[in-house]
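Written below as structure tokens is the structure these notes are about.
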Amino acid sequence: MNSTLSAVNNQTINTPVLVLLGPTAVGKTALSLALAELFACEVVSVDSMQVYRFMDIGTAKPTHRERERVVHHLIDIVDPDEQYNAAFFVRDALAAAAAISAAGRIPLFTGGTGLYLKALTEGLFTVEDAGEDESIRTYLAERLKKEGREMLFAELRAIDPESAARIHINDTQRLLRALEIYKMTGKSWSERLHSQQGPAVRFAEMLQIGLTCGRQTLYDRIDMRTHAMFAGGLIEEAEKLQKMGYSPELPSMQAIGYRHANNFLAGIWDREETIRQLARDTRRYAKRQMTWFSRNKTIEWYARDDHQGIIRRVETWLATA
RNA sequence: GCCGAGAUAGCUCAGUCGGUAGAGCAACGGACUGAAAAUCCGUGUGUCCCUGGUUCGAAUCCUGGUCUCGGCA
């Protein structure tokens, strides 16, 4: 569209790209704002739940005031009953990054959704059909109910023994997905994986900063944030979503915080139990995030309050990038 | 002070006839390719309050202590 597009050609974004990741509640948002203002960045959220409109408190979105200070992408882009997934994220994140780079600014990917970040940097295999084929999902879900998982798993073993060896029989979600891919396209999940080409767009200059802190510190922060969410109106927000017609069954409403609030509203848990469960599930989520990040050897880790150290690192990186 | 009950995993507790211990919750480790804040897999982490004794062998039986909780004063 204009000359600055030289920053981006078909396969590669050549200008600097920053990534800021870390477990929930570690303090990514505060640092992302500081980095964005210092280094002329726009934030691209890497968060599977902040994409949903009306879900503000439970997803700990940056506030409207914060979003006035710094441009944020991929927040509030779909309604809670709309499908969103890793492939949509890759598409949207690449588009945002290309536009930001072309404008001479720096994309700052910030978030904690491990799969999304991996999909962005390493790519996904493509499925021609691309969409969600609801009829196949319904068909498989019914067969699961009628025939049981053993039958479906035996079928997977027959058509894709490699995936059957990798997927545990109790992992219903992956079992159904593997069968769905085959039914939809006639090719197995493992065939897809083997024929995968790599990311659609490469980032020539990417610095990945990880924010971390001691386990106990993180858990204390999670406890504080849990109480703050309650005081800040988490229950009322979930109630509002229900009144808008969003079912507790929706993937978005199964997010941490919302499913807890829904149980409270249904009278299953009292306030104290809801807080306890919410804090516990958030701790477990943080642990799963750490597991995910620990495999990524390109992350440079910094203590959560070492803003000066991170800023210095970004400065030297930009000088050479 | 007296009487009674108890002390075992981070917590609540079980532990048969004496054979060095296990359940729930919590915790911890891991997987992850279009639901991912989802889904799933794995792990017991212990001075059995202390002490001395009986015994081939003690969480278990006995002695003495310490502490906790009831009740009575």
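All chains are named by letter (A, B, ...) in the order of the sequence lines, taking the proteins before the strands, and each is independently numbered beginning at 1. Predicted, not measured: the structure shown is a model, and the values here were computed from it.
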Test: [X] and [Y] ion pair at under 4.0 Å:
{"X": "R67(A)", "Y": "D76(A)", "value": "yes"}
{"X": "E273(A)", "Y": "R276(A)", "value": "yes"}
{"X": "R177(A)", "Y": "E180(A)", "value": "yes"}

[X] near the nucleic acid: base, sugar-phosphate alone, or nothing, with a heavy-atom cut-off under 4.0 Å?
{"X": "T59(A)", "result": "base"}
{"X": "Y116(A)", "result": "sugar-phosphate"}
{"X": "Y84(A)", "result": "sugar-phosphate"}
{"X": "G58(A)", "result": "base"}
{"X": "T126(A)", "result": "base"}
{"X": "D47(A)", "result": "base"}
{"X": "Q196(A)", "result": "base"}

Interatomic distance where [atom1] belongs to [X] and [atom2] belongs to [N] [whole Å]:
{"X": "H168(A)", "N": "A38(B)", "atom1": "NE2", "atom2": "P", "answer": "19 Å"}
{"X": "F153(A)", "N": "C41(B)", "atom1": "CZ", "atom2": "P", "answer": "12 Å"}
{"X": "E122(A)", "N": "A36(B)", "atom1": "CD", "atom2": "P", "answer": "18 Å"}

Exercise for the section: Output yes when at least one side-chain N/O atom of R259(A) is less than 4.0 Å from OP1 or OP2 of A38(B), else no. Expected result: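 Yes, because at least one side-chain N or O of R259(A) sits under 4.0 Å from OP1 or OP2 of A38(B).
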
Handout entry: Side-chain N,O (N170(A)) to OP1/OP2 (C41(B)) below 4.0 Å
Key =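 So the side-chain polar atoms of N170(A) do come within 4.0 Å of the phosphate oxygens OP1 or OP2 of C41(B), strictly under.
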
Every protein N/O lying under 3.5 Å from an N/O of nucleotides 27-31 of chain B:
| residue | atom | partner | partner atom | Å |
| --- | --- | --- | --- | --- |
| A27(B) | OP1 | R283(A) | NE | 2.8 |
| A27(B) | OP1 | R283(A) | NH2 | 3.0 |
| A27(B) | OP2 | R284(A) | NE | 3.4 |
| C28(B) | OP1 | R215(A) | NH1 | 2.9 |
| C28(B) | OP1 | Y219(A) | OH | 2.8 |
| C28(B) | OP2 | Y219(A) | OH | 3.2 |
| G29(B) | OP1 | R215(A) | NH2 | 3.0 |
| G29(B) | OP2 | R215(A) | NH1 | 3.3 |
| G29(B) | OP2 | R215(A) | NH2 | 3.4 |
| G30(B) | OP2 | K287(A) | NZ | 2.8 |
| G30(B) | OP2 | T291(A) | OG1 | 3.3 |

Practice task
Look at atom NZ of K187(A) and say whether more than 12 heavy atoms of other residues, nucleotides or ligands are closer to it than 6.0 Å.
Solution key: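 Counting other residues, nucleotides and ligands, NZ of K187(A) stays at 12 neighbours or fewer.
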
Exercise for the section: Using only heavy-atom distances, determine whether the side chains of E237(A) and Y258(A) contain a donor-acceptor pair under 3.5 Å. Expected result: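 The answer is yes; a qualifying pair exists.
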
Handout entry: H72(A)-Q50(A) side chain donor-acceptor pair, cut-off 3.5 Å
Key =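 No - no donor-acceptor pair under 3.5 Å links their side chains.
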
Practice task
Return the nearest nucleotide to the side chain of S48(A); candidates are A35(B), C40(B), A37(B).
Solution key: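 Output: A37(B).
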
Handout entry: Spacing of OG1 belonging to T24(A) relative to CZ belonging to R288(A), to within rounding of 0.5 Å
Key =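 Taking OG1 in T24(A) and CZ in R288(A), the distance rounds to 11.0 Å.
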
Handout entry: 5' priority, RNA chain B, between G123(A) and Y285(A) [closest heavy atom]
Key =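 Nearest-nucleotide comparison on RNA chain B picks G123(A).
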
Problem - T113(A) or L193(A), whichever maps to the more 5' nucleotide of RNA chain B - result: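 Taking each residue's closest nucleotide, the earlier one in sequence belongs to L193(A).
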
Problem - Watson-Crick or G-U wobble mate for A38(B), both contacts under 3.5 Å - result: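 Its partner: none found.
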
